[in-house]
Amino acid sequence: MASKLTYLTAPLIDKNPITLQILGICSALAVTTSLSTALVMAAALTAVLCLSSVVISLIRHHIPGVIRLIVQIVIIASMVVVIDEVLQAYAFGISRQLSVFVGLIVTNCLVMGRAEAFAMRNPAWPSFLDALGNGLGYSLILVLVGVIRELFGTGTLLGYTLLVPKSEGGWFEPLGLMQLAPSAFFIIGALIWGIRARWSAQAEKPKLVLVDVEAPR
Amino acid sequence: MLNPLSAWSGFLARPNDDRIKVFGVAILVAFFSAVLVSTASVVLKPMQDAHLEAERAERMARMIDTLPGLRSIMEEMGIDALQSRLVDLETGAFVEGIDPTSYDIQAAATDPERSVAIPDELDVARLGGRARLAPIYLLERDEELLLVVLPVVGSGYQSTLRAMLALEADLKTVAALTITEQGETPGLGARVETPEWQALWPGKQIADESGEIVISVVRGQATSPYEVDGISGATVTSNGVGNMLRYWLGPHGFGSFLERLREEGL
C-alpha cells in the first residue's frame with residue numbers, strides 16, 4: 001500500500017507534470033490570471049484525468065493497438081464535454097471566464113500523456129492514484145501561479161482586496177504585467193529553476209558538452 | 001441459438017489486432033461515449049437554460065441603463081421593467097389572449113404550426129423560417145410611445161446571433177443594440193458582444209428618407225448615419241448583424257408592425 005502511495009505523491013514535486021515534464025503549459029498560461037479560474041480549471045483537469053485514466057485502465061486489455069490513440073481521445077473528449085456541461089450548469093460565471101480552455105483540456109498533453117504512459121499498462125487503482133497525483137501536481141503549480149498573478153496584478157485574492165491599490169487610497173501599485181500571459185512564463189520559469197536548484201536530480205544533463213581541442217598546427 | 005454471453009466472451013477473447021475486434025471496440029467506445037455526453041447534456045439543460053435566461057434579463061436591464069434618462073422616466077412612472085406585448089408579424093397587430101412573458105419564440109420558430117417559411121429572396125438572415133408571433137417591449141407615457149424594443153435573430157459565422165434592438169419614438173433612430181446570445185470565435189466575432197462595439201449603434205438611422213431599410217455594417221469606417229463600423233477580422237459576423245437587422249426591420253419581419261405604429265400609434 002505504501003509503495004502505491006508514491007504514485008500519488010511522486011508527481012507533486014519529483015515528477016511534476018508542469019515543471020519536470022513541461023506538459024500542460026498552454027492552459028497554465030491562459031487561466032491563471034485569477035485564483036478562482038485557476039482553481040476551477042485545476043479541478044476540471046483533475047476530474048477529467050482521473051475519470052479517463054480509470055476508464056482507459058479498465059478496458060486496457062481490449063484496446064486494439066492500431067486505434068488506441070483514437071479510443072483514448074474519444075474517452076477523454078467525452079469526459080471533457082461532460083465536465084464542461086456540469087460547469088455551465090453549476091458554475092456559469094466561471095465557465096464563461098474559462099471559455100474555450102475547458103474544451104481544450106482534450107488537447108492537453110498531460111491527459112493523453114498519462115493515459116498512454118501509465119493507464120494503458122497499469123490496473124485501475126494505481127492508474128487512479130497516478131492520475132490524481134498528476135492532477136494535484138498540475139493544480140499545485142496552477143494555484144501558485146494564480147496566487148502570484150492575482151495578488152500582484154490586482155492586489156486581490158479570490159476577489160477579496162488584500163493589498164489596497166493606489167487608485168483606492170492604498171500604497172500598492174498593481175503590476176499590469178502580471179495580468180498578461182508572459183508573466184506566467186516568467187513565474188513558471190522561476191519555479192522550474194528553483195525546483196531544479198533544490199532537487200538537483202531533476203536537472204537535465206546537457207546533451208552536448210564543449211571540450212577544449214588542441215588548436216590546429 | 002446464439003448465447004449472448006458466450007458471444008460476448010468470444011468477442012473479448014479475440015486477439016486485439018483482429019479486424020472484428022477493432023471495429024467492435026471502436027463502435028462500443030463511441031456508443032457509450034455518445035450516451036454519456038447526451039445524458040449529461042439533456043439532464044443539465046434546464047439549469048443551463050435558467051442561467052442563460054438570467055443573463056438575458058440582466059442584459060436587458062443593462063441595456064435600459066445605457067439609454068440616457070430611461071431609468072428616471074421608469075422610476076417616475078413606478079415601473080421597473082418594460083411592458084411586454086405579442087405582435088402578429090403578418091398584420092402588425094397586437095395579439096391578446098396569450099401571455100407574452102410565457103411565450104417562447106425559439107420554440108415557436110421550430111414548430112410548423114406556429115411558424116412560417118421565409119421566402120428565399122427575403123431570407124438575408126439565413127433563418128429558413130420564423131415564428132408567426134413575436135414578443136416586443138414598449139415604454140409609453142400617457143399613450144405616447146417613448147421606446148420600442150424588438151428581439152431579432154440571425155446567422156453569424158458559426159452560430160446563431162440573438163439581439164435586442166431598441167428604437168426611439170420616431171421608429172427610425174436606433175436607441176441601443178444589445179447582442180444577447182452568440183457563439184462566435186472568441187476574440188474575433190465574439191467582440192460583437194463588447195460594450196465598445198455596441199456603443200457604436202445609438203443614434204444610427206435604420207431607414208433613409210424614402211423609408212427603405214438601409215442600415216448596414218460596413219468594412220472599416222462608417223461614413224453615413226446608416227452605417228456602423230465592422231469588426232476587423234470578423235467580416236462574416238459583422239455582415240450577419242447587418243443582415244439580421246435588415247431582415248427583421250424589413251417587410252417580412254417587424255415591417256408591418258412598425259408601419260402600423262407609425263400610422264395609427266399604439
Side-chain angles (χ1 to χ4, degrees), chain A residues 26-27 30-31 33 37 44 47-48 51-52 54-106 115 119-121 180-181, chain B residues 7-59 158-159 179-191 193-194:
Chain A
C26 162
S27 55
V31 302
T33 47
T37 50
V48 169
L51 287 169
S52 56
V54 169
V55 172
I56 289 168
S57 164
L58 284 175
I59 61 170
R60 69 187 186 281
H61 295 307
H62 299 289
I63 299 179
V66 284
I67 56 164
R68 70 178 195 288
L69 292 179
I70 301 174
V71 168
Q72 290 167 12
I73 282 281
V74 167
I75 291 171
I76 293 167
S78 357
M79 299 298 173
V80 168
V81 175
V82 170
I83 297 284
D84 198 16
E85 298 274 341
V86 169
L87 282 182
Q88 279 178 30
Y90 291 94
F92 187 72
I94 286 193
S95 85
R96 271 286 151 101
Q97 281 177 43
L98 290 172
S99 68
V100 293
F101 292 103
V102 174
L104 285 180
I105 294 177
V106 180
M120 282 297 284
R121 302 189 190 134
L180 303 175
Chain B
W8 175 243
S9 51
F11 171 71
L12 288 186
R14 282 174 180 275
N16 270 350
D17 49 5
D18 177 78
R19 198 168 293 168
I20 294 175
K21 175 110 178 208
V22 170
F23 276 106
V25 169
I27 290 168
L28 282 174
V29 168
F31 175 75
F32 281 107
S33 302
V35 168
L36 183 74
V37 167
S38 328
T39 313
S41 169
V42 169
V43 169
L44 298 170
K45 188 93 175 106
M47 293 182 69
Q48 295 169 355
D49 283 349
H51 286 299
L52 286 175
E53 189 51 48
E55 194 183 49
R56 222 169 287 151
E58 193 196 326
R59 279 183 191 178
Q158 58 182 30
S159 69
I179 305 285
T180 51
E181 200 182 309
Q182 55 84 19
E184 300 290 280
T185 322
L188 293 174
R191 276 157 58 203
E193 221 179 42
T194 58

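Basis for what follows: all heavy atoms, side chains included, without hydrogens, waters or symmetry-related copies. Residue numbering restarts at 1 for every chain, and letters A, B, ... go by the order of the sequence lines.
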> Counting heavy-atom pairs under 4.5 Å to chain B, which of A/Ile63, A/Val55, A/Ile59 comes out on top?
Replying inline: A/Ile63

> In terms of heavy-atom proximity below 4.5 Å to chain B, should A/Val74 be classed as side chain, backbone, both, or neither?
Replying inline: both

> Taking B/Asp18, B/Asp17, B/Val22 one by one, which has the highest count of heavy-atom pairs under 4.5 Å against chain A?
Replying inline: B/Val22

> Is it true that atom CZ of A/Phe92 has more than 12 heavy atoms of other residues, nucleotides or ligands lying nearer than 6.0 Å?
Replying inline: yes

> Between the side chains of B/Ser159 and B/Glu184, is a donor N or O closer than 3.5 angstrom to an acceptor N or O?
Replying inline: yes

>> Using every non-hydrogen atom in the two residues, find where A/Arg60 and A/Arg121 come nearest and quote the distance to one decimal.
In response: NE-C, 4.0 Å

> Who wins among A/Ala89, A/Ala77, A/Gly65, A/Ser78 for the most heavy-atom pairs under 4.5 Å with chain B?
Replying inline: A/Ala89

> Could you go step by step and tell me if B/Phe31 and B/Leu36 meet the side chain to side chain contact (heavy atoms under 4.5 Å, CB included) rule?
Replying inline: CA-CA 9 Å; B/Phe31 175 75; B/Leu36 183 74; over 6 Å; no

>> Test of understanding: with ring pair (Phe, Tyr, Trp, His ring centres under 6.0 Å), list the residues that count as partners of A/His62, not counting sequence neighbours.
In response: none

> With respect to chain A, which residue among B/Ala190, B/Ala26, B/Ser41 yields the maximal number of heavy-atom pairs within a distance under 4.5 Å?
Replying inline: B/Ser41

